[in-house]
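Reviewing the structure listed below.
Just so we're clear, the structure is a prediction, and the values are computed from it rather than from any experiment. Indexing begins at 1, ligand by ligand and atom by atom, following the structure's order.
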Amino acid sequence: MEVIIRKNAAEAVKLAAELIGKEIQTHPALTLGLATGRTMEALYAAIAAKNLDFTHVHTFNLDEYIGLAPENENSYRYYMNSNLFDHINIPKANTNLPNGMAADEKAEGARYEAAIRAVGGIDLQLLGIGRDGHIGFNEPGSSFGSRTRSKALTRETYEQNSPLFDDPKDMPMRAFTMGIGTILEAKRIVMLVTGTEKADIIAKAIEGPLSAMVSGSAIQLHPNVVVILDEEAAAKLTLKDYYQRVFEVEPEWKPYR
Ligand code: GLP
């Protein structure tokens, strides 16, 4: 795992956008796994500003609220269209999210997994982290072997995400999410986390024990992960100095120093 600490959120976003931009330039038919949340808004703006060619890119989002139609302003489909897809040249048919209105939830999970397999898997999965440690909506207790399925959301997730709804009571209490097993099959993971409120949970995820209580800790099992943090989010890390040293001496990071 590579942990890169930038001095502020804007610099962290800039680096994440550069890494993703470079992957798309080198692999024009890349399959990208995408995340939502406040942290990603600035990243999507930075990616859109790069004028990359998305004609052959496919995307799969991590999750979608159950019961929200694509036109609903609080759906993740709406979020993705307005924050990214409407600003780049990706064919909408290449963009995938779970269908929050699917009548048969088990079948929807299986359909999504099959769609990911059909394009040959996810090349680069973007992740944030929730305050309760979730990646996607894999709430505490999620199996590291889990696949795309419906999941009940925690009270903490409700408190974190419901202010984004006009009426907080409209936030669904369940969502479809890729499983942790699904996420770990991506060829590369880029996690972006910023802000003081994430300092405790990201330290647990990166440096704490592997535990279903912190789904984000599952990334420790993946052989190709870059975690990009700002100083605020990195505040509770034990190996901060070492991560900095790696960034300064490893040739791979030279172009970004
Ligand atoms: C939601 C998403 C997660 C994301 C999290 C972070 O809960 N399901 O994938 O990591 O938001 O949100 P924020 O960036 O708003 O802190």
Side-chain angles (χ1 to χ4, degrees), residues 8-10 12-13 16-17 20 32-47 59-68 72-80 82-84 96-98 100 109 112 122 124-142 146 148-165 168 170-180 182-184 186 189-206 214-219 225-230 232-234:
N8 55 40
V13 163
I20 293 167
L32 263 180
L34 296 174
T36 50
R38 299 169 184 89
T39 314
M40 300 302 161
E41 290 175 12
L43 176 63
Y44 292 144
I47 290 174
T59 67
F60 286 86
N61 265 79
L62 286 165
D63 43 21
E64 178 62 284
Y65 288 112
I66 290 179
L68 298 192
N72 186 304
E73 289 185 16
N74 292 118
S75 72
Y76 282 163
R77 162 55 77 181
Y78 191 95
Y79 169 106
M80 287 312 303
S82 54
N83 283 289
L84 184 63
N96 298 272
L97 287 92
Y112 206 63
I122 290 170
L124 188 158
Q125 176 66 54
L126 177 64
L127 293 179
I129 197 165
R131 283 205 308 245
D132 67 0
H134 68 214
I135 48 175
F137 271 133
N138 291 287
E139 299 291 36
S142 292
S146 53
T148 305
R149 69 211 182 291
S150 62
K151 198 74 197 163
L153 304 177
T154 59
R155 187 180 298 273
E156 206 172 356
T157 295
Y158 177 77
E159 280 161 13
Q160 187 185 347
N161 289 3
S162 63
L164 300 171
F165 288 68
D170 289 343
M171 180 176 146
M173 289 311 297
R174 300 169 67 242
F176 287 114
T177 180
M178 275 188 209
I180 297 175
T182 322
I183 292 169
L184 291 179
I189 290 177
V190 174
M191 181 183 259
L192 174 66
V193 181
T194 57
T196 310
E197 65 158 22
K198 301 283 178 66
D200 283 316
I201 197 66
I202 196 61
K204 283 185 188 157
I206 297 176
V214 181
S215 325
S217 68
I219 66 169
V225 178
V226 184
V227 182
I228 303 173
L229 306 172
D230 65 356
E232 288 186 358

Geometric class of the F165/Y65 ring pair [parallel <30°, tilted 30-60°, perpendicular >60°]: perpendicular
The one among [options] that brings a heavy atom closest to [atom]:
atom                    : options                : result
atom 11 (O) of ligand 1 : G37, A35, G133         : G37
atom 9 (O) of ligand 1  : G128, G136, P163, A175 : G136
atom 4 (C) of ligand 1  : T36, L153, T39         : T36

Under 4.0 Å to a heavy atom of K198 - the qualifying atoms of ligand 1, by number: 13 (P), 16 (O)
Heavy-atom contacts with H134 under 4.0 Å: which atoms of ligand 1 show up? List them by number with element. 1 (C), 3 (C), 5 (C), 7 (O)
Tell me which protein heavy atom sits closest to [atom], plus the residue, atom name and distance to 0.1 Å.
atom                    : answer
atom 1 (C) of ligand 1  : Y76 OH, 3.5 Å
atom 8 (N) of ligand 1  : D63 OD2, 2.7 Å
atom 12 (O) of ligand 1 : Q160 NE2, 3.4 Å
atom 15 (O) of ligand 1 : R38 N, 2.8 Å

Ignoring hydrogens, what is the shortest heavy-atom contact between M171 and Y158? Give both atom names and the distance. CE-CA, 3.6 Å
Under a 3.5 Å cutoff, is there a donor and acceptor pairing between the side chains of T36 and N61? no
Looking only at side-chain N and O atoms, does R149 offer a donor or acceptor that is under 3.5 Å from a partner on S142? yes
Taking non-hydrogen atoms only, is I129 closer than 4.0 angstrom to ligand 1 via side chain, backbone, both or neither? backbone
Where's the contact between R131 and ligand 1, heavy-atom distance under 4.0 Å: side chain, backbone, both or neither? neither
Run the side-chain contact (heavy atoms from CB on, under 4.5 Å) test on Q160 and T154 for me, step by step, so that the C-alpha distance in whole Å, both residues' side-chain angles and the decisive distance to 0.1 Å come before the verdict. CA-CA 10 Å; Q160 187 185 347; T154 59; over 6 Å; no
Sort out for me which residue in I129, I206, V190 forms a side chain to side chain contact (heavy atoms under 4.5 Å, CB included) with V227. I206
Does a side-chain N-to-carboxylate-O contact under 4.0 Å join R77 and E64? no
Within the side chain of Y79, is there an N or O that forms a donor-acceptor pair under 3.5 Å with the backbone of G37? yes
